[in-house]
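Treat the numbers as computed from the prediction; the structure is a model and nothing was measured. Indexing begins at 1, ligand by ligand and atom by atom, following the structure's order.
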Amino acid sequence: MRIGAIEAGGTKFVCGIGNEHGELEDRVSFPTEQPEQTLANVISYFEGKGVEAIGIGTFGPIDLNPSSESYGCVTTTPKPGWSGFPFLRTIKEAFDIPLGWDTDVNAAAYGEAKWGAAKGLDSCVYYTIGTGIGVGIYAESKLVHGLVHPEGGHIKTRRHADDHYEGNCPYHGDCLEGMAAGPAIERRWGIKASELPTDHRAWEYEAYYIAQALTTAILMLSPKKIILGGGVMHQNQLFPLIRAEVQQSLNGYVSSEALRSGIHEYIVPPGLGSNAGLCGALALGLAAMGQ
Ligand code: ADP
Ligand code: ZN
C-alpha cells in the first residue's frame, strides 16, 4: 500500500510516501511560496507515484467543516496568498483519491498515537514549540475538533515574576505563544534561541511557561502522554525543568504514578523524531481510506 503524506508548514513543505506500517520510503522538502507554485510542486511530486490516498497535516488555522464554504482552506494566516486559497480542492482536482485533512499538530498527535511515543494509548497531547506554538489533541482514540480545532498555543499565561518581556503575539500579546515560542525567546534576550547557553535563565522561564500550559492540559484533558516537539525542544535540558515544574504546580493533586516516578516517560520528545508530522499526515491518509 502506497500512501502520500504532506506536512505543510509556513516555511517549508515536506512530502513523502509511506505504507500502512508508518514506514516512509521517500521524503522531499521545498520552501513554502505562493500557494499556486507550492501546490504545483506537490502535485508534480505525487504524479505517477501510484498513491492510493494522501494525508495533509497543515499549518493553520484551517477550516475542517465539510459543509463550510472555506472547507479545506487555511483561514486567517498572514502568509501571502494562502488565506482562503482552496488548498484541499486543488489537490483533489489533481488526484481524485481519498484525502485526509487536519492541522499539522493534530496530524503529529495522531502519528505519535499510531506509531510513536503514544503507541497503544487512546489519548495524547502533542505540542510543537517552534516559530509558533500549536497543540494537537487525541482523546478517546479520536482527534479532537470542535467549533474549529484546538488552539492551545494561545492560552493565557501567568507571567514569571521576573519577566518583563511584553510578549509578541499579534492577537494576544503575552499568551503562551507570545511568551514562549522561538521568536519570543529571541526578542526577550536579543540572541538566537539556539545560541543561548544551556544554563541560561531563558530556559527556566521557558520551562515555567510550557509547564503552565501542560498543567492546564493535564487538568482539562487528562492525556495519557504529552509529547513536546518543535525547534525549541531541541534544547534537551528543558525536559527535566518542565517535568519538575509540572510536578510542582500540580502539587500532588492529580493521583497518577505517571506524574510521580513515571514523569520522565510521561512528558517526552516525539517517538517519531522529526518524522512526527509527516508520519502523522501518512496516518491521516490511511484514515481517509478507512484504515
Ligand atoms: P517551524 O515552527 O517554523 O515549523 P521549528 O519547529 O524548527 O520550525 O521552529 C523554529 C523555531 O525554533 C525558531 O524560532 C528557532 O529559534 C527555534 N529553534 C530552532 N532550533 C533551535 C535550537 N536548537 N534551540 C532553540 N531553539 C531553536
Ligand atoms: Zn496568542
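- Protein heavy atom closest to atom 14 (O) of ligand 1, with residue, atom name and distance, is G182 CA, 3.3 Å.
- K92 forms no cation-pi arrangement with F95, by the criterion of a distance under 6.0 Å to the ring centre and an angle within 45° of the ring axis.
- The backbone N or O of S261 lies less than 3.5 Å from a partner atom in the side chain of H264, making a donor-acceptor pair.
- At a heavy-atom cutoff of 4.0 Å, ligand 1 is contacted by no atom of K192, backbone or side chain.
- Between W101 and Y71, the two ring planes are perpendicular [angle over 60°; tilted spans 30° to 60°].
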Practice task
Begin with the C-alpha distance, continue with both residues' side-chain angles, and end with the deciding distance and a verdict on salt bridge (Lys or Arg N to Asp or Glu O under 4.0 Å) for R188 and D163.
Solution key: CA-CA 9 Å; R188 181 187 284 109; D163 186 8; 3.0 Å; yes
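- Regarding atom 4 (O) of ligand 1, its nearest protein heavy-atom neighbour is T131 OG1, 4.8 Å.
- The protein atom (non-hydrogen) at minimum distance from atom 26 (N) of ligand 1 is A193 CB, 3.4 Å.
- Contacts of T11 with ligand 1, taken as heavy-atom pairs under 4.0 Å, involve the side chain alone.
- Not a single N or O atom of T128, backbone or side chain, sits closer than 3.5 Å to an N or O atom of ligand 1.
- Of all protein heavy atoms, the one lying nearest to atom 25 (C) of ligand 1 is Q235 NE2, 3.4 Å.
- Closest protein heavy atom to atom 23 (N) of ligand 1: H234 CB, 3.6 Å.
- Between E177 and H172, the side chains place no donor N or O within less than 3.5 Å of an acceptor N or O (distance only, hydrogens not considered).
- Both the backbone and the side chain of P183 come within 4.0 Å of ligand 1, judged by heavy-atom distances.
- When hydrogens are left out, the protein atom nearest atom 9 (O) of ligand 1 is G130 CA, 3.2 Å; that is the closest non-hydrogen contact.
- An N or O contact shorter than 3.5 Å links G231 to ligand 1 by distance.
- Annotation: W203 places no N or O atom under 3.5 Å from an N or O atom of ligand 1; distance criterion only.
- Neighbouring protein atoms of the Zn ion (ligand 2) (N, O or S, distance under 2.8 Å, waters ignored): H154 ND1, C169 SG, H172 ND1, C175 SG.
- Between K142 and D122 there is no salt bridge, since no side-chain nitrogen of the basic residue lies less than 4.0 Å from a carboxylate oxygen of the acidic one.
- Regarding atom 15 (C) of ligand 1, its nearest protein heavy-atom neighbour is E186 OE2, 3.7 Å.
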